[in-house]
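Notes follow once the structure below has been shown.
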Amino acid sequence: MKLIIFPPIPSILVSLFVFLALRHFLELPERAPRLNGLLKYLWAVALPLLLVMETVGSRWETDTHLLIDAVYVGLMVLLAGVVLTRMRALQPARTLLLALAPFALQALAKFILFVLPIEVGPSVSELILYGKPADLFWFFSIVWLVVGALVAYKQQTLLQQQRLEREVEARIQVRNQELEQLVEERTASLTRQTGELRETLEELRITQDQLIQSEKMASLGELTAGIAHEIQNPLNFVTNFADVSTELLSELREKQQKRTTLDAELEEELLTDLEQNLSKITHHGHRAASIVRGMLEHSRASTGERLPTDLNLLADEYLRLAYHGLRAKNKTFNATLLTDFAPDLPLIEAVGPDVGRVLLNLFTNAFYAVQKRREQLPAQPDYVPTVSVRTRALPEGGVEIRVRDNGTGIPEAARQKIFQPFFTTKPAGEGTGLGLSLSYDIITKGHNGTLSLETEEGQGTEFVIKLPN
Amino acid sequence: MNILVVDDELDVRALFEQRFRREIRGGQLRFAFAHSGEEALDYLHQHASELVLILSDINMPGMSGLELLSRIRQEYPTPPPPAPPRVMMLTAYADETSRQQALELGASDFLTKPVDFAALKQKLLQLAAQDDNTYENENSGS
């Protein structure tokens, strides 16, 4: 009876596990699917063999067993060699091949000596088959194999790591490309949007210019009647004085022709009158011309050129225009105009037509306010609608213009928005809502000045323009 | 005949004085001038009895011609004596509403600017003749 605690592991089972490990280690399913497929069926050979050995073979002699086992192991080593050679492109496969080489060589030598009937000396057989050197070599080859396997494993791990890194890198690159593409797309869409915005801005700018122009034209329209009236008066004077002068001349000529003794006193009087008339014609001609010039300046797009400007003259001219403009629309309207112009007012570098528009706007508003108050209080005969304009030189330099009315005043709610574009308290169609907003821009942005107001509801409003030198 | 011309244009004085130089020299017409409704009222208060005709512009700063007219009609309501001055309105804005308004307020005439001086002269002389007649009649009657 034999005592067996652990039966000797048949090389057949070992080989199955070794090849399973090898297939996995060399990643055969991915790298060589066909070879892998063949090796997968190793069990189909091994298991029947094992079965035979364990059943029928148990009755065979030990030598036969050993022989079959040796042949099987030899075949397996050969198979491993073939597989590794096929996979020699892999560094771990080459290492394994190298690791297997001593063992395989010894086994081969043993087979050759076993199979071929060659008589060799006892030294050779000792060296290869039995004896101490052979055992030593066998031991060495096993150690070599194990170390080689470890090295191969190390290499494989390193390779996998590198591959992993490459994969990560590749993934990063792909992601980068995606990102780059995304950035490009975004950039393109941003560029497009910027272009669209620029176009819109340009359109808005054009619209703004048109609005400013139409606001100018609207105020010009309000003024047309006033201007007509203003021109009519001087023109009447021109024609009348010219007429009268003709009469005077014919009177003089008549007296000359009659050769009557000329009354020296009368002649002197006639000549003085003639002289006076001519100067009056010149004066009123200039007056009409300056009104026309003002009108043209008002309607023309501003050149933005700053010139020394007499603000007294400007204020006076536009006060009259605004008044007569309103009078032409509402014949029952009357207001007292008060002017208090500082005689020593310094000339101010200003864009005359622009400041004129501001004044015109302030006057028009002032007249509107007193007119409204008049309408609200029809039963108050004591109320005298009054619009006044006052100029003075500021002690710190520059000029102040105050436009005051005793109209309705501006309610608190409207005060905050009064300089905002398109804000108007006038009924639709009467105000563009741009007047004060443009005025504010002209004074602050155009002339570095200030435009402020003091107002009391039901008492009146005063706008204060301050222009620096 | 004393005439008060009310107009805010200062040169109206020079113009009238020359237009009517012969009549002034001849003593048929006498002109006084006021530059505002207020001034005109002041003048009227001082010279009420002498004044026969007021020629007033409508569009003036402060008291307008129409206001002046209504004030005059309030202060000097009805004839008889002394007869209240006639008031002729002069305006550059010759529309029917103001004309109606002026006539309702008691204006004796409504003239448009530019003034037709030939026609005005005729009217004034006619009035002056009438005035002289009434004056003479009154004198002879007393």
Side-chain angles (χ1 to χ4, degrees), chain A residues 225-226 228-249 251 263 266 269-270 272-284 287 316 319-320 323-339 367 381 384-388, chain B residues 5 7-25 35-39 56-71 74 89-102 104-105 110-121:
Chain A
H229 176 89
E230 283 288 281
I231 295 175
Q232 181 92 56
N233 272 344
L235 282 184
N236 286 347
F237 278 116
V238 168
T239 45
N240 274 317
F241 279 117
D243 263 8
V244 169
S245 299
T246 318
E247 281 173 21
L248 290 180
L249 279 173
E251 195 177 335
D263 183 347
L266 182 67
E269 193 194 316
L270 290 176
T272 315
D273 278 356
L274 268 174
E275 219 167 42
Q276 184 201 334
N277 290 356
L278 289 178
S279 81
K280 289 208 181 299
I281 288 171
T282 314
H283 166 74
H284 289 286
R287 204 175 130 196
D316 193 41
L319 180 64
R320 296 175 67 91
Y323 179 66
H324 289 299
L326 193 67
R327 285 297 314 269
K329 278 207 283 190
N330 182 353
K331 286 162 203 80
T332 58
F333 175 72
N334 240 289
T336 301
L337 309 183
L338 296 179
T339 53
F367 285 127
V384 182
T386 307
V387 172
S388 63
Chain B
V5 179
D7 199 309
D8 58 323
E9 290 277 3
L10 298 181
D11 281 342
V12 161
R13 180 189 201 111
L15 186 64
F16 270 75
E17 280 175 355
Q18 290 191 42
R19 281 289 192 185
F20 297 101
R21 59 187 299 116
R22 285 172 205 266
E23 290 72 17
I24 293 170
R25 231 187 289 156
H35 301 307
S36 70
E38 291 84 348
E39 234 177 88
S56 175
D57 187 17
I58 292 185
N59 303 294
M60 288 182 294
M63 188 187 292
S64 77
L66 294 177
E67 269 177 79
L68 174 65
L69 175 59
S70 62
R71 290 286 289 273
Q74 272 171 25
M89 302 313 293
L90 264 174
T91 181
Y93 301 116
D95 59 298
E96 198 45 44
T97 5
S98 354
R99 186 191 182 86
Q100 279 300 314
Q101 205 179 352
E104 271 166 30
L105 281 170
F110 189 85
L111 304 177
T112 55
K113 285 182 176 181
V115 177
D116 180 349
F117 276 95
L120 182 62
K121 192 180 281 185

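Source: prediction; values computed, not measured. Lettering follows sequence order; numbering is per chain, from 1.
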Max heavy-atom pair count under 4.5 Å with chain A, selected residue of B/M63, B/E67, B/M60, B/R21: B/R21
Chain B contact via A/L248 - side chain, backbone, both or neither, heavy atoms under 4.5 Å: side chain
From CA spacing to verdict: side-chain contact (heavy atoms from CB on, under 4.5 Å), B/D7, B/K113: CA-CA 12 Å; B/D7 199 309; B/K113 285 182 176 181; 3.0 Å; yes
A/E247/B/K121 salt bridge by N-O under 4.0 Å criterion: no
Structural part of A/L266 lying under 4.5 Å from a heavy atom of chain B: side chain
Partner residues of A/D243 under the salt bridge (charged side-chain N to carboxylate O under 4.0 Å, His left out) criterion, sequence neighbours left out: B/R19
B/F16 and B/F117 aromatic ring geometry - parallel, tilted or perpendicular at 30°/60° bounds: perpendicular
Partner chain B: residue of A/T336, A/D273, A/N240, A/T386 with the largest heavy-atom pair count (under 4.5 Å): A/N240
Carboxylate-amine/guanidinium contact A/R287 B/D11, below 4.0 Å: no
Region of A/F241 that comes under 4.5 Å of a non-hydrogen atom in chain B: both
